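None of these values were measured; they are calculated from a predicted model. Protein chains get the first letters and strands the later ones, always in sequence-line order, with residue 1 at the start of each.
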Amino acid sequence: MDNDQVAAILAEIGVLLELKGENPFKTRAYTNAARTLETFPERLETIVAENRLGEIKGFGQALQDKITQLVTTGSLPYYDELKASLPPGLLELLEVPGLGPKKVKILHDKLNIASLSQLETACQSGQVAELPGFAAKTQSKILDGIAFRKKYASHHLISLALRTADPILDQLRSHPDVIRCATAGSLRRHKEIIGDIDFLASSRNPTAVIAFFTALPGVILIHASGDTKASVVLEGGIQADLRVVTDPEFPFALAYFTGSKEHNIVMRQRAIERGLRLNEYGLFRSNSETNDPALLLPCATEEEIYNQLDLDFIPPELRENQGEFDAAAEHRIPRLIEWTELRGSLHNHSQWSDGRDSLNDIIAAMIDLGCDYWAITDHSKSSVQANGLQPDRLQRQITEIASRNRRLADEGESFRLLTGTEVDILNEGRLDFDNDLLAQLDVVVASIHQGFTQSEPEITRRLIRAAENPFVHMLGHLSGRLLLERHPYKLDAHAVIDACAETGTWIELNASPYRFDLDWRLWSYAKSRGVKCVINCDAHRLEHSGFLRLGAGIARKGWLTKADVINTLPLPQLKKALAQKRA
DNA sequence: GCCGTTTTCGGCCCGACTGTTTTCAGTCG
């Protein structure tokens, strides 16, 4: 079993223990261990073989034994027994808003409810309202929650969340009672999938701001509305929370509500170690219970809060408790890449295959955007569904791009189109074009578009063979996932990264918000192996050039700097880098 | 289940809101 599989099982054990009513700190130990493994840079197989599990913080004897069993035997009787002791439907009950482990346990113990449909029936017949701790209001809230769940997704792509949040942010900022306003939470941390949108505002009149927010035209449902906090559902089904604080409290609240939860826990612990108390209202001297203003250490910005805790500023994208505290304490937080440092994209499509736009339109738009170059990497012949190019059409496209570039040169324009292909990786790792043809192209991206159901060793081998081809510059969308739609195919990403390191092959960070592939959690491993990143739009229409910005956000989450990303290079240096593998 | 120079037990982040309660438990973030 690999890291992800073990992490998934530990996370499920955490939830199952919660449902059993176990000690919450025990359940947290499993949840924390799962989280650690999700982003752990080394392969568990290696760690177990070298008997180093105990060196990982939070991995005590019990967890070490269980993980070792999972990695070496592929199964864990403790988990199987735990799972068998509870009906599988209980897990989905937890997804109903307002239902936590305690209430689910009561529903199961008293009414033998073990699925969403059973819960719906019991609510409709009024049985749920009779239970201790439940009443009419809870019952109808559960019914609303089940109906809502049928109608809307609970998770959303960051691109949709940004489109939803930006206009609301503008409206809040224009309200006369709002002093400062920002988004926080997973949106500010630039997670690829967003559960809800968190807004934070400072004001002397929170009631007015809350009233304004809950009355916005996009609000279709109000979950909760108090003096300083409101929770609503917006059109499209995204939940949005607003918290209103005083202006001096704003930086503390911004840090607090940006999270992540795991990051905040460490922040609080650091405060306690220094005889301080940190919460969303401030950083206070002494451990007294009250938020006494006389004991406040005023901080005008988030950076000052970090400094008070002997840390350098930690950019929101890194606040996942994934090593940022050690780095910040030792002044090792890198200067993360900015999207404006990107000079172009090396994986894009045109109307020659399944893109929408002509070469001329692409040239005009990308010059307008300020790019130095833009590679046209249309699909290869086997991608019939995407109108992939036969070799003769690709030859014609090479000629046409050359003539466009001559015209650009004549006009004194420095922008250039680059020729290229997104060549299919076929079975056994053969490529869809001959090396003779690939050798004529500026940029070769190799990607898998078929044979998704092959075994992990087969797919891993295909990708490694593609990396070994001297004409392949980079591997495209490595895992093949489509966020919220399609799981990645099975592959050993660490082994492929190792092969890229050995062959000098780059890995794409596909910046389409449906992909963000390679996942940000794997970039620190890739970086540690010296593998370079290319942030590509995989543009199929002009507006997809906006993905550069989103992709840079994901690269920042992966701790990448300008030097780690190939397409920050100006054209002459890029051409040298492209020639390097072939030489 | 984890952790530890106040160490093998007794802690483990903390506050807002809701609903069901006659003072608080559960959920959420």
Peer 1: Of the nucleotides B:dG15, B:dG29, B:dG26, which one has an atom closest to the side chain of A:Q239?
Peer 2: B:dG29

Peer 1: Give a yes or no on whether a salt bridge exists between A:E317 and A:R556, defined as a side-chain N under 4.0 angstrom from a carboxylate O.
Peer 2: yes

Peer 1: Figure out the NZ/P separation between A:K105 and B:dA25, and round it to whole Å.
Peer 2: 17 Å

Peer 1: Say we look at B:dA16 and B:dC3: how far apart would their C1' atoms be, to the nearest angstrom?
Peer 2: 30 Å

Peer 1: Applying a 4.0 Å non-hydrogen cut-off, can you work out what A:K102 is touching in the nucleic acid: base, sugar-phosphate, or nothing?
Peer 2: sugar-phosphate

Peer 1: What is the distance from CD of A:E95 to P of B:dG29, rounded to the nearest Å?
Peer 2: 13 Å

Peer 1: Taking A:R481 first and then A:D519, would you say they form a salt bridge - that is, a charged N and a carboxylate O separated by under 4.0 Å?
Peer 2: yes

Peer 1: Heavy atoms under 4.0 Å, any strand shown: does A:Q61 hit a base, just sugar-phosphate, or nothing?
Peer 2: sugar-phosphate

Peer 1: For the pair A:R268 and A:Y256, evaluate side-chain contact (heavy atoms from CB on, under 4.5 Å) and give the outcome as yes or no after the intermediate values.
Peer 2: CA-CA 10 Å; A:R268 280 172 194 269; A:Y256 180 85; 2.7 Å; yes

Peer 1: Confirm from the modelled atom types if A:Y256 and B:dG29 form a donor-acceptor pair under 3.5 Å, side chain to base only.
Peer 2: yes

Peer 1: So which protein N/O to nucleotides 19-23 of chain B N/O distances come out below 3.5 Å?
Peer 2:
| unit_1 | atom_1 | unit_2 | atom_2 | d |
| --- | --- | --- | --- | --- |
| B:dG19 | O3' | A:T138 | OG1 | 3.1 |
| B:dT20 | OP1 | A:A135 | N | 2.8 |
| B:dT20 | OP1 | A:A135 | O | 3.2 |
| B:dT20 | OP1 | A:T138 | N | 3.2 |
| B:dT20 | OP1 | A:T138 | OG1 | 2.8 |

Peer 1: From CE of A:M267 over to P of B:dG15, roughly how many Å is that when rounded to an integer?
Peer 2: 16 Å

Peer 1: Name the one of A:K261, A:R189, A:K191, A:R521 that satisfies side-chain hydrogen bond (donor to acceptor under 3.5 Å, both in side chains) with A:E320?
Peer 2: A:R189

Peer 1: Between B:dT7 and B:dC2, how far apart are the two C1' atoms, rounded to whole Å?
Peer 2: 13 Å

Peer 1: What distance, rounded to whole Å, do you find between the two C1' atoms, one in B:dT23 and one in B:dT18?
Peer 2: 15 Å

Peer 1: Rounded to whole angstrom, note down the P distance from B:dT5 over to B:dG1.
Peer 2: 23 Å

Peer 1: Looking at A:R28, I'd like to know whether one of its side-chain N or O atoms comes within less than 4.0 Å of OP1 or OP2 on B:dC13.
Peer 2: yes

Peer 1: Go through A:H175 and A:F213 one step at a time and tell me if the ring-ring contact (aromatic ring centres under 6.0 Å, His included) criterion holds.
Peer 2: CA-CA 10 Å; A:H175 190 278; A:F213 176 69; over 10 Å; no

Peer 1: According to a strict under-4.0 Å criterion, is A:T228 in side-chain N/O contact with OP1 or OP2 of B:dC17?
Peer 2: yes

Peer 1: Can A:D198 and A:R188 be counted as an ion pair, charged N to O under 4.0 angstrom?
Peer 2: no

Peer 1: Just the atom pairs and distances: protein N or O near nucleotides 4-11 of chain B's N or O, under 3.5 Å.
Peer 2:
none

Peer 1: Taking only side-chain nitrogens and oxygens of A:Q269, does any of them come within less than 4.0 Å of OP1 or OP2 of B:dC13?
Peer 2: yes

Peer 1: If the C1' atom of B:dT20 is compared with that of B:dA25, how far apart are they to the nearest Å?
Peer 2: 9 Å

Peer 1: A:L200 CG to B:dG15 P: how many Å, rounded?
Peer 2: 17 Å

Peer 1: If you look at every strand shown and take non-hydrogen atoms under 4.0 Å, does A:D227 touch a base, only sugar-phosphate, or nothing?
Peer 2: sugar-phosphate

Peer 1: Let me spell it out: for each of A:R268 and A:Q64, pick the nucleotide of DNA chain B with the closest heavy atom. Which residue's pick is nearer the 5' end?
Peer 2: A:Q64

Peer 1: Can you find a side-chain donor-acceptor pair between A:Y78 and A:D65 that sits under 3.5 Å?
Peer 2: no

Peer 1: Please state the P separation for the pair B:dC12 and B:dG19 - nearest whole angstrom.
Peer 2: 30 Å

Peer 1: How long is the gap from CG on A:L162 to OG1 on A:T183, to the nearest 0.5 Å?
Peer 2: 7.5 Å

Peer 1: Distance between the P atoms of B:dT27 and B:dT21, in whole angstroms?
Peer 2: 14 Å

Peer 1: Between B:dC13, B:dG29, B:dC17, which nucleotide gets closest to the side-chain atoms of A:I272?
Peer 2: B:dC13

Peer 1: In whole angstroms, how far is the P atom of B:dC28 from the CG atom of A:N264?
Peer 2: 18 Å

Peer 1: At under 4.0 Å, does any side-chain N or O of A:R277 touch on OP1 or OP2 of B:dG15?
Peer 2: yes

Peer 1: Find out whether the Lys NZ or Arg CZ of A:K66 is both under 6.0 angstrom from the six-membered ring centre of A:Y79 and within 45° of the ring's axis.
Peer 2: no

Peer 1: A:H263 NE2 to B:dC14 C1': how many Å, rounded?
Peer 2: 16 Å

Peer 1: Going by purine N1 to pyrimidine N3 plus the second Watson-Crick contact, or the G-U wobble pair, all under 3.5 Å, which nucleotide sits opposite B:dT8?
Peer 2: none

Peer 1: P atom, B:dC17 versus B:dT22: distance in rounded Å?
Peer 2: 23 Å

Peer 1: Return yes when atom CG of A:D80 has more than 12 non-hydrogen atoms of other residues, nucleotides or ligands closer than 6.0 Å, and no otherwise.
Peer 2: yes

Peer 1: From the list B:dC17, B:dG29, B:dC2, which nucleotide is the closest neighbour of the side chain of A:A62?
Peer 2: B:dC2

Peer 1: Any ion pair linking A:R43 and A:E50 (charged N to carboxylate O, less than 4.0 Å)?
Peer 2: no

Peer 1: Does A:L99 reach a base, just sugar-phosphate, or nothing at all? Heavy atoms under 4.0 Å.
Peer 2: sugar-phosphate

Peer 1: Starting at atom NZ of A:K191, determine the distance to atom C1' of B:dG29, rounded to an integer number of angstrom.
Peer 2: 13 Å

Peer 1: For A:K261 and B:dC12, give me the distance from atom NZ to atom P, rounded to whole Å.
Peer 2: 16 Å

Peer 1: Describe the nucleic acid contact of A:T27 in one word from base, sugar-phosphate, nothing, applying a heavy-atom distance below 4.0 Å.
Peer 2: nothing

Peer 1: Is there a side-chain contact between A:K66 and the phosphate of B:dG1, meaning an N or O under 4.0 Å from OP1 or OP2?
Peer 2: yes

Peer 1: State which of B:dC13, B:dG15, B:dT27 makes the closest approach to the side chain of A:Y281.
Peer 2: B:dG15

Peer 1: If you apply the rule side-chain contact (heavy atoms from CB on, under 4.5 Å), what do you find for A:R243 with A:F199, and how did you get there?
Peer 2: CA-CA 6 Å; A:R243 186 65 181 264; A:F199 294 101; over 6 Å; no

